[in-house]
Structure formats: structure tokens, C-alpha cells
J.: 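My questions will all concern the structure given below.
All figures in this text were calculated on a predicted structure; none of them were measured in a lab. Residue numbering restarts at 1 for every chain, and letters A, B, ... go by the order of the sequence lines.
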Protein chains: 2
Amino acid sequence: MQNNLLKDYEVGVFALGGLGEVGKNMYVVEYQDEIIVIDSGILFPDDHLLGIDYVINDYTYLFENQEKIKALIITHGHEDHIGAIPYLLRQVKIPKIYASGIALGLLKNKFEEHKGFHANIVEYQEHEKIVFGKLAVSFFRTNHSIPDSFGVVVDTPEGTIVHTGDFKFDFTPTGPDANYQKIAELGQNGVLLLLSDSTNAEFDSFTKSEKMVSENIKDIFTKIEGRAIVATFASNVHRVQQIVEASVEQGRKIAIFGRSMIRTIDVGQEMGYIKAPKNTFVDSKNINQIKPGELTILCTGSQGEPFAALSRIAAGTHRQISAHKGDTVIFSSSAIPGNQVDISKTINSLFRRGANVIINSPLTETHSSGHAGQQELKLMLKLIRPKYFMSIHGEYRMLKIHAEIAIETGVKRGNEFVLDNGDVLAVSKNDARVAGKVQAGNIYIDGKGIGDIGNVVIRDRKNLSEDGLLSAIITIDEKTKKTIGKPVIISRGFVYMREQEALTKDISDLVDERVNKKLAHMKTLNVSAIKKDVTKLLNDFIYRRTERSPMVMPVVMMVNETTT
Amino acid sequence: MQNNLLKDYEVGVFALGGLGEVGKNMYVVEYQDEIIVIDSGILFPDDHLLGIDYVINDYTYLFENQEKIKALIITHGHEDHIGAIPYLLRQVKIPKIYASGIALGLLKNKFEEHKGFHANIVEYQEHEKIVFGKLAVSFFRTNHSIPDSFGVVVDTPEGTIVHTGDFKFDFTPTGPDANYQKIAELGQNGVLLLLSDSTNAEFDSFTKSEKMVSENIKDIFTKIEGRAIVATFASNVHRVQQIVEASVEQGRKIAIFGRSMIRTIDVGQEMGYIKAPKNTFVDSKNINQIKPGELTILCTGSQGEPFAALSRIAAGTHRQISAHKGDTVIFSSSAIPGNQVDISKTINSLFRRGANVIINSPLTETHSSGHAGQQELKLMLKLIRPKYFMSIHGEYRMLKIHAEIAIETGVKRGNEFVLDNGDVLAVSKNDARVAGKVQAGNIYIDGKGIGDIGNVVIRDRKNLSEDGLLSAIITIDEKTKKTIGKPVIISRGFVYMREQEALTKDISDLVDERVNKKLAHMKTLNVSAIKKDVTKLLNDFIYRRTERSPMVMPVVMMVNETTT
């Protein structure tokens, strides 16, 4: 399929995911017969998407244009940037995947778990320039909440396009500095279009440095006497190293709980990001042999996820360890919106067990975001000095606020773009316009299924979750055109049916009477008409009796003695 | 039932709701043959209680001791303090309900909506002392986010018990002052036990004054040009009056959207809390005749509730009004934990419609809490100087932190109590001890049903919400002991079954084969054994094929031709 939205000289830039949401990032740069894809992430669904494990993008456009695709470039190793690659590769042929540092390590790890596709991964270095046909890609290091986060520069015949990746500016980072010089040089040479991370565009601050967080954690460690139990985001390798250092300084051994935390430590040690003296890490089975004051528990569960290590330690359902008096639990994390209630439950459980709990607050500062606040967004804009600007990576209000920030710092009004997934921005030396829309959408992943869950299934789950389900199983004798026996009424999630014998009987009688009446008037037996009628009858009757609206599921069984 | 937990001279104090939770407040003071009940509220369930409208308390203890009950005292008119009264009155005989001010107005309103019980409501005045047999009750005014919030003093032969109700101290309130003198006098005369509101015990601040909020709102109003759309908690009558004043000052008419907001304005005007020049309020149907700069929309929906006025205005689904460019939407509210995602959706929709949105933040301060921060809790403790202390009204960690605050400010360690609902504190002149437990628990309300939803139903709804349901309807001929036809497979919320014909056929074949095999080996037909077997078979098979676990619901229909 030709992209007939673009004029021959125009560069198409669009998102297949990442606009109007925080998650499933995927950006595309297209010029004539070349496509560069940047990132391929998943979205963790909110509570409204019942039972959905995660959401990926609709890859139709890429599938239909796969012969153009030169490369998938990975900015960094977070799941909302790499998590969907196995799904993408099953559908779309990607000649090469470029990744660097810990993203590369995590990707290799991921590919060992998934099967059914071939992946050609290539490591890139920050100083490299990868030249395709007319497009070329280079990189600049930024700061973020996972090591090795890079901005991506796409050189096109019409000008330079810069994609920041996820970033903040940390002048005293735990890892290496952002490459201020290279970013400034881009601005010096002229940038046609900047795509920039909007996650924290609402915060007027400058995101605080990891150094301060590190010092605060070390300070807390000097004061605690019992076990230190620290929960943080497993992918935040620098933070994990800070906690390791704080522990080592206080002569504490470290036990690790939670699968993703164990993986982080493995990959992090392998790649040299996690450093500790020999014998620092102890087997989780042996923690009872270590004095409380000499032990750190490093675990997952900072979001109160019901099955994560910390939640089970708090609830007393963990096989090896439960919190008790004398423990100090440190949350080196912030609450992701939607998780507050679960986190609150975990904290209450920890208090009940007598543990001391330290959360991130303006007083403790045990966490810092990985995304740029307004001051850093402005710094990026001042360094890059783009002609055109497109906010990416954020909900609509974040994108909108970020676009205003761009204008404040020098982008000409009218040159800023707040788009939706699929909207194609056509840029050229002298112009930028929204050229149209390519197919973009949500694909739900539940278990092994891809795309077999649509809005109907979600709506059904929503209805089922609210008032359950009631089924009336009606057996009809095809010959006599009468019901055989009274309809059987069963329900789940509606009421305790055992306590509701009268209701059940009434429903059964009602259905029986109605169906037989209906059958008597039918010339030819119309099962779907009977089902429709019973559904309406029961919806009304049950709501009147109970003010509830369970999903009504009539089942008609036809029996014909002559066939048996 | 005699309360045999208490010695004859001891006063029993306990909560039937309100400890370990924010909601369904109900506190009981019992002395010999007298019981005073304080408040009877509901709890709004979190997302884990699927489909539950709200939660009330288990009133068994009150029912069994109803002859002792002298009165139900209402501290203030919030739903978590008065919402369950209709349910309570259907189960328990309460001779008199004492309420004051706006709580009285709201209660009368509520009783017009509910039927099936008799309520004897009596108005109390702050200066009154109501003497029962050995117990007497008096009151002191506090500040809170609804007018007429009172603390309750229960005089007992063993000493004075003080219950703060919900409170903060606002030195420049919109309504009358808290009664500092009376509170101090209580402390002067000696208080045996203080029960105090712990909602904001985690915040080390002094809750900011309504005056500041009022000034901030007025300040915002001077700067906006288009329509002002303001969302706040409907029960916050003082805040509503502030918004009315800000509108009137800027020459704006006011239209009201949302049922509870309309009720607030009605009751508020009736009682003199809402004051505005004639013709300030306009019919919501006529808003299009008013210039945008001369109109305020006052509405519900500050929590992003999907069906509230603001959410529909934002989504464009409201019959009369939708947000557009030029509108300024002010949230005079804060996010209740668990509502962030819904609020965020509403704000994004407003931004998409081009509206300007102002939320409460340290910069805007368009809202202030109704509950005391740590400094105010300490002031209450210093004024009351109780011998014993019991934290009430809060999740466990709030209660715990509040108890530590009590100790910091002079309560002797060991004299502070952090209890659960049902735990009976037995106090006397010289002692306080946890004497045991009375029945307390959660009753779920869904539609008309009371107590017909238990944990099984909730668990079923949870399961249904995650992977839906699959039913196999198996018809067995009683005579031949064979299935008649292949089992019918239907599902809801599982997968698009139409797209899964192969899966459906496999399941049906599998069940048919297994059931016939089972039947062949059965001497007497055991339906429940067949169901159990099919359930296990399908759980395993479906998980292997799909990695999903729908609720499996086998239905066995017995057919016997001789009976037809």
C-alpha cells in the first residue's frame, strides 16, 4: 500500500500508540519507500478493561507497508517501549531491531521467553550513525529512570527530526550525564521537528536529582535498626544500585524478592550496573539466619499489586517472610494513578503488623520521577530550537500543556501539533500539515489471545461484574411444542440463590407460562423470538423485584423424542 | 442480651463501623441498661466490591439490645454519618434521633424518599443537655466541610466521654466559629476518654482556611471571560455559597446541574445558608440565552463519576450543555483515592473540547479538606486533655499515627487505643481495657437487597469480570443414560465465540465424550459428579488452549420421554 496521504517530498511522522495515553509507544517516520519505527510498547490497562492483561497497537499499517520498514529503533528498555515487540514480530517483518545497553539485555531476555518469530537484534552505540537509503539515524544519551535511555535523531532530505525518548535532565545523575553538547549541536545545525516526552508536562518543577534520592535513602538507612524492606520499580536499575550501596555501607546483606527484581539484579550485575562486594546478596531461604539489623529485603510490589512480593509480605501470605514489629518498609516509588487504593491497603497491613512505613513525600523524598518537568522541557526546547513541534508520550492534557510550553519557549504558534494516534503529520522544509489518518487502535491481550477480545466482550465482563448473570434453560419438545418440565434457573454473582428459592421459583413459573403461551401462538417455532421475549420479560421482572440487572442468558434446548 | 463483657460499673465504648475504614461511622456508648448510638453512615465501596452500591454495618448487636437504646445522635449531615439510617430503622427500634441544622434538613429529605419505618426525629441545639437515665448528652460546634458539625459529649457516672465528630479548626471559617471555649471547659473539668477524627492524621499541616479558598475562587472569577463551570462536593454548602458569591460579584447568573447539587441549593436556601440576590439562579434550560461571560454552571462530578453532570458535560453526552472553547472549568475539590483515573479522563475530555481547566493544587488552592491535620489534632488534644484516647474515623495507619500524636501531646503510653470495629473498650474512672468483641461486619447493599450479597457473590462477580463465563448444557436421557445431542456451549465475556467455532466444537465434543464415558461407568446417575468432572475438564482444557479461566458452569438437563 502506498501512503497516498503524503506528497513525494514530504516526510510522514505519526504515532501508532503513545498519544492520548501513557503506554504502547510506537512512532513512525516515513519518507518515500523508507520507514523507521521507534519503539513498540504495551499499555497496562486501567480497571475498566476487565481481565485484560495488556493492550498493544493495531499493526495493520506496518503490516501493509512492511517492505518499506528499514528498522525498529529502541530508545530504552521500559515495557511501554519494548513490551509489544514479540507481538509485532509475529505480524510484521522487521529486518533489524536496534537497541543499546540494558534495553538490549532485557530484549534478549524477553526473546528467550517468547517463541514463534525471528528477531534480528543489533546493538547501537551512542556515537554511531546508521545510514539507510535516504534516512539516517543517530542517538544522544538522556537521563531517565532506567539506564541507557536515548533520544533518536532521524536525518531526512527535508531536515532533521528529533525524538527525545523518555527523558529528564539530572545534573547529578547516578549514571552518566545526558549528552548536552550533542543536543545543543543539533539545535545549532537546525532541527525541523521535535517530538518530546510530555509525561510530566503538568508539573512546573525541575524533577529532583537521583543524587538527592540516593542521599535520602542512605540517611534513612543510618537510622533504622531492624530489617529494611525496600520496594521500588524493578526496572529502575540505578535506584536498585543506590539501595544496594546504602545497604553495603550499613553492613547489611541483601535478599531479593519478586521475579522482575531478581531479573533486574541479574541483568544489572551482568552489565555492570549493579555492583556489590562478594556475598552481599544472600539466598532468600537463608534470611532467618541473618540478624534483622544486618538485612535488607529488596522487593517488588511498590504499587500494591496483589500478588507482588511486598503485598504478600504485608498480608502474611508470603511463604518465606512476613513483616513484623521492628521492620522498616521504605517505598522508593510513587503511586501510579489508579493504584492508590491497593497501595493504601498494603500500607495498612504493614502498620497492622507493627512495621514502620516510610513513603515518598516532600519530607522524605525517597523517589524521583524519570520524566522531565516543565523547566527541563523548556531546556530541551531551548537546546533543540525546533521549527515544528509535536508533543508525544502522554494523555491529551499533558500533550496540550506541553504544546503551550513549546510556544512559550519560541516555537511559532501554528507550528505546534497535538495529535491522536494515527494522525499523519506531513513535514517538509517549509511546511507541516496534518495530512490524514492511518489505521491505529487498541488490541487487547488476554492470555494467549490476540485480538479475540473486542468491546462486546469487555462490555459483557463489565455487566457480569456488576450484577452477575442469570440463565433460564428452557427445554421444548419439538413435537408437542410445549416445554418439558419447568425452566431451570441458575445464576452466578447475582444473589445467593439458595436464599432466594421463592425468587427462583417465581422466575421459573413466569418463564414457563410465557414460553408456552408464545409457543401456542407460533406457527413455526422461532427460537430467537422466544429468547428475545424471555430476556425482556426477565430484565423487567428482576429489576422490579431486586433493582438489579444481571445479564439474562436464556437457553433453549430442543428435544424431539423421535431423534433419541 | 446482657453485655456480659462489661463489669457493672464500666462504660462500654465501641464502633460498629468507622475503624479501619473511612465510612459507615457508628459509635456506641453503653452503660448498664442504657445505650447511646452516635451516627449511622454508609461506606462507598472501592472497585473491588463489584456492583455493590454501598456497604452498611451489621446491626445485630443493636437489634439484640434495642430495649437499651435511648437515642441515635447525629454529629453532621454527611452520608458516611447518616446514610444508613433508613436501613438501621428497618431493623432496630430507635426511640429518638437527635440531629441539628442541615443534618436535620437532609434527614427529613431522606425520610421522604425511603419508606417502611417510623422515625422520630428531634432537633437539638448546641447549648442543650439531653439527660437520659444515667447518661447525658451535650454538644459543641466544630468546623467541617458541611455546616452544623458537632462534637458530642456523653456524661457517664464514671466520667466524661467526648466524641469530636468530623472536624477541623478554621480560624476564619465561612460559617460560625468552633466553640473553643466549650471545648476548653471540657478539658478544664476533666475528660475520661476522647474519641477523635483521624482522617487527616497523616498530614503534618494545619488544614488551610475556607477563607483562603474563597479568596482564591473569587480571584479566579475576576480573570475568566467565558462560562465558569465549577464542580464541587454537593454537600459542601459553605463552598457552594462561596461560588455563589464569586459569581454574583462578577455579575454572573448561576445554573445548577446534578441532582444532589440541586438538593443542596434547595435545602441550603431554605435554611439560609445559600444567599443570593433574586434571579441569580436560572433555569438550566435557559442557559443559552445568557452570555458566556455572565454565566456560572455549578455542578456535580468533581470525582469524575461517569454519570455525574460534569462527566457528561465533558463527554458531550449531556442533554443541555457541553464544554467548549472559552469555558473555564474549576475543580473545587480534591481526588478521593481510587477516583484519579476517572477524574483524569474527565479532564482530558475537557481539554479536548478546548476548555481551560483549573484543578486544586498548591498553586491554585481551590479546595481545602474538612478534616483536621496534625496541628489541629494536637490542639484538640491540648484543649480536651483526656485521660484515655481512642482514634476513630480512619484507616488503620491513620488511627495508629493519631494514637502516637495523642501520646506526643500528653496521653500516657498505654492509655491510647487503636481498635477494630466491634472491639469493646471498657472504661471506668481508674481503668480502661479491651473487654472483648461484639458482632460487627459488612453488609452489602445492591439495589433493593440487604445482606443477600455475600463474599461468594462478590468472588463470582470478580471471576466473571476477568474472563467471563462458559456454560456447557448437557442433556441426558434418563432411560438410555446417554447424552441427547452434543452439549450446547455458550459463553459471555470470554472470547468472540463466533470467531471461535473450532474451539466451541472441540469443547462440545470433549464434554460429550467424557460425559458418555462417565455415564457408562455409573451405576446410579450422579449429576453432581458429572458436573464436577466437566468443570475440571474444561478448566484445564480452556486454560491450556487460551490461558484464560472463564467461570465454567455446567448444566445437566435430564429428559425422560416417559414423563412427557
Side-chain angles (χ1 to χ4, degrees), chain A residues 20 46-48 50-51 204 337-338 340-341 344 347-348 351-352 357 363 395-397 400 446-449 452-454 456-458 460-469 471 473 475 477 480 484-485 488 490 492-496 499-500 545-548 551 553 555 557 559 561 563-564, chain B residues 20 46-48 50-51 204 337-338 340-341 344 347-348 351-352 357 363 395-397 400 446-449 452-454 456-458 460-469 471 473 475 477 480 484-485 488 490 492-496 499-500 545-548 551 553 555 557 559 561 563-564:
Chain A
D46 66 37
D47 288 347
H48 296 88
L50 298 163
D204 66 339
Q340 280 89 343
V341 171
S344 172
I347 296 175
N348 284 322
F351 264 90
R352 272 189 192 273
V357 179
L363 283 177
E395 295 180 25
Y396 190 84
R397 64 183 192 281
K400 190 81 186 168
D446 178 7
K448 278 186 185 162
D452 61 347
I453 303 269
V456 175
V457 173
I458 299 289
D460 280 354
R461 287 182 183 176
K462 176 85 183 137
N463 289 346
L464 288 167
S465 78
E466 283 173 354
D467 284 321
L469 162 142
S471 184
I473 297 137
T475 312
D477 186 329
T480 64
I484 303 178
V488 175
I490 50 176
R492 291 289 187 280
F494 169 46
V495 287
Y496 273 142
E499 293 178 8
Q500 295 286 345
R545 275 279 285 261
T546 66
E547 280 183 10
R548 291 178 203 171
M551 181 180 287
M553 190 167 80
V555 178
M557 309 288 291
V559 178
E561 290 97 304
T563 65
T564 58
Chain B
D46 66 37
D47 287 348
H48 296 88
L50 297 163
D204 65 341
Q340 281 90 344
V341 172
S344 173
I347 296 175
N348 283 321
F351 264 91
R352 271 189 192 273
V357 180
L363 282 178
E395 296 180 25
Y396 189 83
R397 64 182 191 282
K400 190 80 186 168
D446 179 6
K448 277 186 185 162
D452 60 348
I453 304 269
V456 175
V457 174
I458 299 290
D460 280 354
R461 288 182 183 176
K462 176 87 183 137
N463 289 347
L464 288 167
S465 78
E466 283 174 354
D467 284 320
L469 161 142
S471 185
I473 297 135
T475 311
D477 185 330
T480 65
I484 304 178
V488 175
I490 48 176
R492 292 289 186 281
F494 170 47
V495 286
Y496 273 141
E499 293 177 8
Q500 295 286 346
R545 275 279 283 263
T546 66
E547 279 183 12
R548 292 179 203 169
M551 182 181 286
M553 189 167 80
V555 178
M557 309 287 290
V559 177
E561 289 96 307
T563 63
T564 57

J.: Can you check whether A:I490 reaches B:V555 side chain to side chain, under 4.5 Å on heavy atoms?
T.: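 Heavy-atom side-chain distance check passes, below 4.5 Å.
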
J.: Is it the backbone or the side chain of B:I458 that comes under 4.5 Å from a heavy atom of chain A, or both, or neither?
T.: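 Neither part; nothing is under 4.5 Å.
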
J.: Looking at chain B, which one of A:R492, A:M551, A:R352 has the largest number of heavy-atom pairs inside 4.5 Å, strictly under?
T.: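 When all of A:R492, A:M551, A:R352 are compared, A:R352 has the most.
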
J.: I'd like to check B:F351 versus B:V357 (side-chain heavy atoms, cut-off strictly below 4.5 Å). Are they in contact?
T.: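 Of all side-chain heavy-atom pairs linking B:V357 with B:F351, at least one is under 4.5 Å.
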
J.: For B:E466, is it the side chain, the backbone, both, or neither that has a heavy atom closer than 4.5 Å to a heavy atom of chain A?
T.: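 Both parts, backbone and side chain.
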
J.: Examine whether an atom of A:E547 lies under 4.5 Å from a heavy atom of chain B, and if so say whether it belongs to the side chain, the backbone or both; otherwise answer neither.
T.: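 Answer is both: backbone and side chain atoms of A:E547 are under 4.5 Å from chain B.
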
J.: Okay, side chain of B:R461, backbone of A:L464: is any donor-acceptor separation there less than 3.5 Å?
T.: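 Side chain of B:R461 to backbone of A:L464, a donor-acceptor pair under 3.5 Å: no, none is there.
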
J.: So A:L469 and B:M553, do their side chains get closer than 4.5 Å, heavy atoms only?
T.: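 They are in side-chain contact.
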
J.: Quick test of your reading of the model: are A:K462 and A:D467 salt-bridged, counting only N-O distances below 4.0 Å?
T.: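 Here A:K462 does not pair with A:D467 in a salt bridge, since their nearest N and O are not under 4.0 Å apart.
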
J.: With chain B as the partner, which of A:G468, A:S344, A:G485, A:S471 has the greatest number of non-hydrogen pairs under 4.5 Å?
T.: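 If we count pairs closer than 4.5 Å to chain B, A:S344 comes out on top.
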
J.: I'd like to check B:V495 versus A:V457 (side-chain heavy atoms, cut-off strictly below 4.5 Å). Are they in contact?
T.: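 The answer is no, as the side chains (C-beta and beyond) never meet within the 4.5 Å cut-off.
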
J.: Between B:N463 and chain A, which part of the residue has a heavy atom less than 4.5 Å away: side chain, backbone, both or neither?
T.: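 Neither part.
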
J.: Quick one: which of B:N348, B:L363, B:V341 has the most heavy-atom pairs under 4.5 Å with chain A, could you say?
T.: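 Top option by heavy-atom pairs under 4.5 Å: B:N348.
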
